[in-house]
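Below, all heavy atoms of this structure are taken into account, side chains as well, without hydrogens, waters or symmetry copies. Counting starts at 1 for both ligands and their atoms, in listed order.
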Amino acid sequence: MNLLVEKLSASPVCEVARQAKSKGIYPYFRVIESDQDTEVTISGRKVLMFGSNAYLGLTNHPKVKEAAIAAVKKYGTGMAGSRFLNGTLDIHVELEKKIARFMGKDDAITYSTGFQVNLGVVSCLTGREDYILWDELDHASIIEGHRLSYSQKLKFRHNDMESLEKQLQKCEPDKVKLIVVDGVFSMEGDIANLPEIVRLAKKYNANIMVDEAHGLGVLGRQGRGACDHFGLLPEVDLVMGTFSKSLASIGGFIAGAQPVIDHLRYTSRPYIFSASNTPAATAAANAALDIMMNEPERIQHLWDLTDYALRRFREMGCEIGNTSTPIIPLFIRDNDKTFLVVKKLFEQGVFVNPVVSPAVNPADTLIRFSLMATHTFDQLDYALEKIEKCFQKVGVLEYQLA
Ligand SMILES: Cc1ncc(COP(=O)(O)O)c(C=O)c1O
C-alpha cells in the first residue's frame, strides 16, 4: 500500500477540482498561446483578459522587451548562483539603488520572486520574544513567512483597527512588534487603513511592513504605492514590492533602513540560498520601472477605467465589497456558481479568475476582475455587458434586464 498516494487521493482540494471537471466547469490552468496582453489566445480563440496583474500593461512594451533581450545578449540566461556568492550583476545593484531612492529608503535588496521576499523577510527579522501582527487577509507569502518565524504571532481582523489595537495591547512594551499588511489586498482590492495603522504603531512603538505587490504602479506619486498614496512612506519601516505585476517581469524587493537591509543580506535564507534573478527579468523590471516613473498618463488611464468600472458594477447591483482599486471582486457566494460564471464568460470571450473555497470561505466566493492601463473603454464595455447578462442568467443579479 502506498500511504502517500492513498492519503493524497483523498485530498479535499483535489476533490473540488475533480468535481468541477466532472461538471464541465473546471476553470484552472487555461493554456495561453499568445503574449500576455488585454487580449490573449486560448485554444486558438481570442479572449479579453480581465484576470491579469499587469496593471500597467507593460509586458509587451517594446522598451521592456528590448531591455530583456539586450540583457540576455550581454549577460546570458541564468545566474547559476545566489546574490551572496557568484550571482550579483551590476544591473541587480543598479536596480536596487533605484528602488531605494524611489521609495526614499536607505537601501533595498531584490529577490527572485515576490513570494520569496515575504518568506525571507517576515521569517527573519524578529526573535522568539518579539511579535508579528498580521491582517487575516494578508497574502499567503506573508503567512508562510511568519509560520517560519519563532516570534509570537497575533492575527487581527481584516482592516479592523480595534482588533489590531487589542492585539498590540497584549504585547510586551519593550519587545519588537512588527505589523505586516498588504497595502492593497490582492483579492478584495481594498486599501489598508495605513493612517490608523501608523497612528497605532506610534502609540505602541511598533514597526510596519507593507506589501505593495498591488499598490505599485497603481497608487501614489508615480505609482509608489499605498503608503505614498497616504503620504506615509517615511512612517513605514519596510516597503515590499514585486516585479511580477505592474513591472512586467518576475522578482521582488524590500526597501528599508540600512541595518535592517544589511541583516537581511546575511540572514535571509531565500536571498542567500537561492539563485539570483535572471538578467532578462532584472533588466525588464528596471525598464518597466522607468516607464512607470516617466509615463503618468498610464496610471491616469488605469484610474479612468477603474472609476468607470466601479460605477457601472455598482449601478448593475453587483456586490463589490470595499474595493476602490483596479482589483474588483464580484461576490458570487457559491463555489459552483462561481465556476459556472467563469465558464460562461469565457465562452463569451471574457477571461476572469474564480476565487473559491478552500482559498476563501464557501460563502465568500468571488470573481476577481482586474484592469490594465492598456484596456480600452470598448473592451471594458464589452466585458461589462457580458457580465451583466451572465449574472442575470445564473441568478447572481436579482433584477431582470430590461
Ligand atoms: C500581496 C501579494 N504579495 C506577494 C505576492 C507574491 O508575488 P510574486 O507573484 O511576485 O511572487 C503576491 C502574488 O500574488 C501578492 O498578491
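For Arg333 and Asp364, the salt-bridge test passes: some basic side-chain N is under 4.0 Å from an acidic carboxylate O. Note on Glu196 versus Arg199: salt bridge recorded, some NZ/NE/NH1/NH2 to OD/OE distance being below 4.0 Å. With salt bridges taken as basic N to acidic carboxylate O contacts below 4.0 Å, none links Lys63 and Glu66.
Remark: ligand 1 and Ala213 share no N or O pair separated by less than 3.5 Å (distance only, no angle test). At a 3.5 angstrom cut-off on N or O pairs, Gly114 counts as close to ligand 1. The shortest N/O to N/O separation between Asp211 and ligand 1 falls below 3.5 Å.
With respect to atom 5 (C) of ligand 1, the closest heavy atom belonging to the protein is His139 CE1, 3.4 Å. At the top of the distance list for atom 9 (O) of ligand 1, counting protein heavy atoms only, stands Ser244 OG, 3.4 Å. Protein heavy atom closest to atom 11 (O) of ligand 1, with residue, atom name and distance, is Phe115 N, 2.8 Å.
Residues meeting the side chain to side chain contact (heavy atoms under 4.5 Å, CB included) test with Asp307, sequence neighbours left out: Trp303. Listed by chain and number, the residues in a side chain to side chain contact (heavy atoms under 4.5 Å, CB included) with Glu129 are Lys175 (sequence neighbours excluded).
Ligand-side atoms of ligand 1 in range of Asn118: 3 (N), 4 (C), range being under 4.0 angstrom from any heavy atom. Per-residue contacts place Thr242 under 4.0 angstrom from the following atoms of ligand 1 (heavy atoms of the residue considered): 7 (O), 10 (O). Close approach of ligand 1 to His214 is summarised as follows: ligand atoms under 4.0 Å from at least one heavy atom of the residue are 1 (C), 15 (C), 16 (O). For ligand 1 and Asp182, the ligand atoms under 4.0 Å from any heavy atom of the residue are 1 (C).
For the residue pair Tyr204 / Gln169, a side-chain donor-acceptor distance below 3.5 Å is found, with atom types taken as modelled. Under 3.5 Å, the side chains of His146 and Asp138 contain no donor-acceptor pair of N or O atoms.
Residue contacts with ligand 1 include Ser141, since one of its heavy atoms falls under 4.0 Å from the ligand.
The part of Lys245 lying near ligand 1 is the side chain, judged by heavy-atom distances below 4.0 Å.
Open room surrounds CZ on Arg269; 12 or fewer heavy atoms of other groups in view lie less than 6.0 Å from it.
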